[in-house]
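Both ligands and their constituent atoms are indexed starting at 1 by order of listing.
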Amino acid sequence: DLSLLSKKFRGSMLGVLTGDCLGSPYENDEPLSTASKVILQKSFDKLEGPLFKAPVMQFTDDSAMTKSVVESLIEKRGLDLDDLSKKFVKRYYQEPNRGYGQGIVTVFQKLRGNKFSDLMTPAREQFNGQGSMGNGGAMRVAPIALFCCNDYDQLVNMTKRATKLTHTHKFGVNGAILQAIAIQKSLMMDPKQALNYATFLEDLINKMDVIEENDEEFLELSESEIQPFKTQLRIIERLIEKSLTNENEPHTDEILKLLGNNVTALHSVPTAIFCFLRAQYPIAEINTENPMRRAIQYAITLGGDTDTIASMAGAIAGAYYGEDNINAQLLNHCEAAAEFKELANKLFDVVTTI
Ligand code: 8NA
Ligand code: MG
Ligand code: MG
């Protein structure tokens, strides 16, 4: 169904943008108190209401880098690392105050310094040669997941290559792959059929089992050290199970202790997937019938890297539900919403004419 698929493209791209715009004012906050959750609820209600004229919320590095990815995929009709790195760097120097990560700016400086003659070394030199394990690869991966549509091997391969321009630590790369798989999987599902969280997670677990199995030479390590993303996915399953079955909702502190909410991929990508899956069901102190809004609002209540976690949860939710679940009034309050919608349409045209 091409019309549903195009709605899902727009849903995912607008999910990235709205999660980022709505989440960024709360970046680095503590998990929200009950009082703050009430204020957040009111502010979402107001933004979705008809008569409210407020300044437009600005997007940050998450959407800026996603924009470069989608523009490059459209122009080049595929992944062109030379073009993509130039777009990242150009956009950074045009608007350096979009809240970029502390480390990634060094990569941009070095790429500009070597005039793009060596695309891979700057990222490898990050953090004393460890490479970045930040969530910067995952936060910008949505257009790649949409581009690859239902080609799984292409998705994994392209995500790896695009991520390694800035993030070479295996957590940074595997986190981007996990986020990409979650988006692609959501894209291919029928939003009218009930989503079984356990089946969804089981598939991600099986896939991460293969992706993380390359590291098994470290036999003295425990499974959670060898396959940390797979381990986190199992934790998500238990947390949701717990909240649905024995009326024993896990406390936010417990969720954050287990999943995290910081700028590393390992402690934010699983959290975003959790927000998407948990938000299919009602959540205390969040009043909405819309599970996509619920996912983004819930991600923000967890505090920490709110723009990025809300944006990643929005990318998955948008790929699943499509643009119909994004409030039109809300989009008027997000910078560049019309542009993101247009880019989603152009990407869809490329994908369907390739
Ligand atoms: P990055 O590559 O600079 O990584 C982000 C941060 O993660 C770094 O600045 C380090 O603090 C830490 N980090 C990553 N790898 C290592 C390592 N190997 N050893 C030690 N520390 C490490 O940039 P990025 O593109 O991954 O960052 C994305 C995040 O930055 C997003 O949240 C985005 O919104 C932005 N941002 C985040 C915050 C925040 O603190 N919540 C604030 C402003 C901007
Ligand atoms: Mg940001
Ligand atoms: Mg962030």
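Of the polar atoms of N28, at least one N or O is found under 3.5 Å from an N or O of ligand 1, judged by distance alone. Residue-to-ligand polar distances place G136 within reach of ligand 1: an N/O pair is separated by less than 3.5 Å.
For H167, every heavy-atom contact with ligand 1 shorter than 4.0 Å involves the side chain, none the backbone. Counting heavy atoms under 4.0 Å from ligand 1, residue T308 touches it through the side chain alone. Residue E27 touches ligand 1 through its side chain alone, judged by heavy-atom distances below 4.0 Å. Contacts between N262 and ligand 1, counted as non-hydrogen atom pairs separated by less than 4.0 Å, are absent for every part of the residue. At a heavy-atom cutoff of 4.0 Å, ligand 1 is contacted by both the backbone and the side chain of M133. Counting heavy atoms under 4.0 Å from ligand 1, residue T166 does not touch it at all.
Between the Mg ion (ligand 3) and N135 there is no N/O/S contact shorter than 2.8 Å. Look at D305 and the Mg ion (ligand 3): an N/O/S atom of the residue is under 2.8 Å from the metal.
Distances from the Mg ion (ligand 2) to the N/O/S atoms of D61 are shortest for OD1. Within E27, OE2 is the N, O or S atom that lies nearest to the Mg ion (ligand 3).
Separation of the Y93 and F108 ring centroids does not fall under the 6.0 Å cut-off.
For atom 3 (O) of ligand 1, the nearest non-hydrogen atom from the set A138, A64, G103 belongs to G103.
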